[in-house]
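Scroll down for the structure; my scribbles are underneath it.
Treat the numbers as computed from the prediction; the structure is a model and nothing was measured. Both backbone and side-chain heavy atoms feed into the values below; hydrogens, waters and symmetry mates do not.
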Amino acid sequence: MISRRSALVLGGAALAAPRIADAQAQARTLRFVPQANLSNIDPVWSTAVVVRNHGLMIYDTLYGLGSDFRPRPQMAAGHEISDDGRRWVISLRPGLRFHDGAPVTARDCVASIQRWAKRDVLGQRLDALMDGIAALDDTRFEIRLKKAWPGLAFALGKPSANICAIMPERVARTDPFTQITDYTGSGPYRFRHDLFRPGDRMIYERFAEYAPRSEAVDFLAGGKQVHFDRVEWIVMPDPSTASAALQNNEVDWWETPLPDLLPLLRRNREIQAELVNTAGNLGVLRFNFLHPPFDNPAIRRAVLPAVDQRAFMNAAIGTDPALSTVPAGVFTPGTPLANDEGLSVLSGPRDLEAARRALREAGYRGERVAMLSATDLPVLQNLAEVAADLLRRIGFNVDLQAMDWGTHIQRRTNRGPVDAGGWSAFCTTWEGLDVSVPGSHMPIRGNGANAWAGWPTLPRLEELREAWFEAPDLAAEQTIAREIQRVVWQEVPFVPLGQVLPLMAYRRSITGVVKGGPALFWGVRRA
């Protein structure tokens, strides 16, 4: 028989047990507010940053960049290069498994590379150079090139979209222009598609069979040690809601806190706001080369003496110097190819009258300048407003046209003149990792109709980009980067506006955050 006292004790234990279980579950779960909703989940099909971040959770790559932005083997054990650089044999390290338990084989890698190569800008370079790719056995495959490309490992390991995510062969055989429906990866987390609620919540669970490298983690290189059993991405489009959730310990980490809310967050002793992604984003002012007035290079150059990068950054993200970097040249500040070649055109004393004089001498005839502005993205809207004001003060006839980001994206594909619904200029940002090297730096492309919106034809920049692909070492790359920057100041395919460095905010109970790039969840633990 159970005594009344024993029953009370047992009853109390039964009531307390769920609370203990809840607390333990919370300790093993990381709650994260991403920058945006995960509207699609194929990191080869999509270039969206949030999709790239999702891809790094559940997939692994053959190589990973260290904090020095140089590639190191990740899934690969290593490689051998022969035939004057035209044959690469890549071997896989032991213990690699997919989330369904199947081993990762060379055939999976071959199919994944082939699909990625149809979508990614550097993958397309590989596709054009490739003379063949085939599995040699279960753990080795070869890539044969028409000519040597020292940057192949960088391309296979870069974390900027599109990433070369290694998928099972059956998945990688999906048409590159069709989204996948099987989300089996081999990364440190499994994606629970059965629990996926678009616009609300994404669930990732630790993959117990993931075999991390033995080295210490260093950005995307080294051992991806996982200390949480579960990561929940919780979508909160309203900044005030996200801020309140972080302060109330309802979430642990907010990827992109609104700058205006940072003072409030910093007053909370339980919250740390700091720079995690040191590459940040590069603000750019882009011109349309097809129609007046910016089809004239002298008119494009006339803008340079008046551009105040600090004014743009203060408007975009606030006056806290930790949130931005100026001066910024063609390549992302702080990365190996950033340089000071001719940078005085933007860093020297600003001279509005010199810009006005240059504009008159260039023959500007008062053509209407249609400046596009994205009203639902505060950083881009603020950049556009500063740019419109600056162009007016120089002497341009500016028509600032406000619209939502979706409409903005559609509008800038219009190649017609302003009177036919076209455009003249717009401001945007490029992720710092994308514009850190010539190969993935879309704003410097000068390949005419195939270039990024604006469609410049600039043969010299194309020649220099090709030369970068064949550069034998970093010193040669840096020489080419300096020449690219010199040419940019002459041709002005875009104007760098500064480096945006958005901070991330997380509770101080979270430790081990990996610095250098996007929000990563290996190495992170709860104190």
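- When ring centroids are compared, F521 and F32 come within the 6.0 Å threshold.
- Heavy-atom minimum distance, V104 versus S186: CG2-CB, 4.0 Å.
- Salt bridge E491/R460: absent, no basic N to carboxylate O contact under 4.0 Å.
- Residues N281 and P502 meet the side-chain proximity criterion, which asks for heavy atoms closer than 4.5 Å.
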(Q) Please determine whether side chain to side chain contact (heavy atoms under 4.5 Å, CB included) holds for the pair L346 and V495, giving the CA-CA distance in whole Å, both sets of side-chain angles, and the decisive distance to 0.1 Å. (A) CA-CA 9 Å; L346 294 176; V495 178; 4.2 Å; yes
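- P159 places a side-chain heavy atom less than 4.5 Å from the side chain of L65.
- Side-chain contact between P176 and V44: absent, with no pair of heavy atoms (C-beta onward) separated by less than 4.5 Å.
- The residues R93 and E215 are annotated as not salt-bridged, no charged nitrogen and carboxylate oxygen being separated by less than 4.0 angstrom.
- Side-chain atoms of S436 come within 3.5 Å of backbone atoms of L433 as a donor-acceptor pair (strictly under, hydrogens ignored).
- Within the 4.5 Å cutoff, the side chain of L122 has no heavy atoms near those of the L156 side chain.
- Between Q499 and T325, the side chains place a donor N or O and an acceptor N or O closer than 3.5 Å (distance only, hydrogens not considered).
- At a threshold of 4.0 Å, the pair R192-E232 does not count as salt-bridged, since none of the basic side-chain nitrogens sits closer than that to a carboxylate oxygen.
- In this structure, Q225 contributes its side chain and W522 its backbone to no donor-acceptor pair below 3.5 Å.
- Between R119 and D42, none of the side-chain N atoms (NZ, or NE/NH1/NH2) sits under 4.0 Å from a carboxylate O, so this pair counts as no salt bridge.
- Judged by distance alone, with hydrogens and angles left aside, the side-chain atoms of N162 form a donor-acceptor pair with the main-chain N or O of S46 at under 3.5 Å.
- Put simply, OG on S440 and CZ on R125 are 13.0 Å apart, with the number rounded to the nearest 0.5 Å.
- The heavy-atom pair separating N40 from V51 by the smallest distance is O-CG2, 3.2 Å.
- In terms of modelled atom types and a separation under 3.5 Å, the side chain of K118 and the main chain of D175 share no donor-acceptor contact.
- The distance from atom CG of L220 to atom OH of Y63, rounded to the nearest 0.5 Å, is 15.0 Å.
- The two residues L501 and N277 come nearest to each other via the heavy atoms CD2-O, 4.1 Å.
- Two residues are said to be in side-chain contact when any heavy atoms from C-beta on lie closer than 4.5 Å; L380 and F426 fail this criterion.
- To the nearest 0.5 Å, atom CH2 of residue W88 and atom CD1 of residue I143 are 8.0 Å apart.
- Relative to the six-membered ring of F289, R300 meets both conditions, a distance below 6.0 Å and an angle of at most 45° to the axis.
- F331 has its side chain within reach of N339: a pair of non-hydrogen atoms, C-beta onward, lies under 4.5 Å apart.
- In this structure, the separation between CD on Q272 and CG on L503 is 9.5 Å, given to the nearest 0.5 Å.
- The residues R170 and D108 are annotated as not salt-bridged, no charged nitrogen and carboxylate oxygen being separated by less than 4.0 angstrom.
- Put simply, CZ on F69 and CZ on F154 are 9.0 Å apart, with the number rounded to the nearest 0.5 Å.
- A salt bridge links R107 with D138: at least one charged nitrogen is closer than 4.0 Å to a carboxylate oxygen.
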(Q) Test salt bridge (Lys or Arg N to Asp or Glu O under 4.0 Å) on R482 and D340; report intermediate values, then the result. (A) CA-CA 8 Å; R482 294 187 71 88; D340 60 358; 3.1 Å; yes
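- The local environment of CD in E80 is sparse, with at most 12 non-hydrogen atoms from other residues, nucleotides or ligands closer than 6.0 Å.
- Considering only heavy atoms from C-beta on, T61 stays 4.5 Å or farther from M75 through its side chain.
- Here the side chains of R507 and R526 are not in contact, with every heavy-atom distance at 4.5 Å or above.
- Neither side chain, H54 nor Y183, offers a donor N or O lying under 3.5 Å from an acceptor on the other.
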**Q.** Criterion side chain to side chain contact (heavy atoms under 4.5 Å, CB included) on H441 and I484, from CA distance to verdict
**A.** CA-CA 11 Å; H441 198 311; I484 287 175; over 6 Å; no
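- A centroid separation of 6.0 Å or more is found between the aromatic rings of Y204 and F228.
- Without hydrogens or angle criteria, R140 side chain to V89 main chain gives no donor-acceptor distance under 3.5 Å.
- Here the rule is ring pair (Phe, Tyr, Trp, His ring centres under 6.0 Å) with F287, and of F294, W423, W452, F494 only F294 fits it.
- Between the side chain of Q485 and the backbone N or O of E341 there is at least one donor-acceptor pair closer than 3.5 Å.
- V50 and N37 get closest at one heavy-atom pair: CG1-O, 3.7 Å.
- Without hydrogens or angle criteria, R72 side chain to G222 main chain gives no donor-acceptor distance under 3.5 Å.
- Atom CZ of R206 is surrounded by more than 12 heavy atoms from other residues, nucleotides or ligands within 6.0 Å.
- A donor-acceptor contact under 3.5 angstrom links the side chains of D218 and S67, judged on distance only.
- Put simply, the side chain of H99 never gets that close to the backbone of E209: no donor and acceptor are under 3.5 Å apart.
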Q: Go through D120 and K158 one step at a time and tell me if the side chain to side chain contact (heavy atoms under 4.5 Å, CB included) criterion holds.
A: CA-CA 11 Å; D120 179 70; K158 68 178 180 65; 2.8 Å; yes
Q: Output, in order, the C-alpha distance, side-chain angles, deciding distance and verdict of side chain to side chain contact (heavy atoms under 4.5 Å, CB included) for R31 and I234.
A: CA-CA 7 Å; R31 303 158 300 174; I234 306 168; 4.1 Å; yes
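- Contact record, I317 with L323: O-CD1, 3.1 Å, taken as the closest heavy-atom pair.
- Between the side chain of R486 and the main chain of G342, no donor-acceptor pair closer than 3.5 Å is present.
- Nearest approach of L461 to P493, heavy atoms of both residues: CD1-CG, 4.1 Å.
- Judged by distance alone, with hydrogens and angles left aside, the side-chain atoms of R86 form a donor-acceptor pair with the main-chain N or O of D83 at under 3.5 Å.
- In this structure, the separation between CZ on F196 and CG on L38 is 5.0 Å, given to the nearest 0.5 Å.
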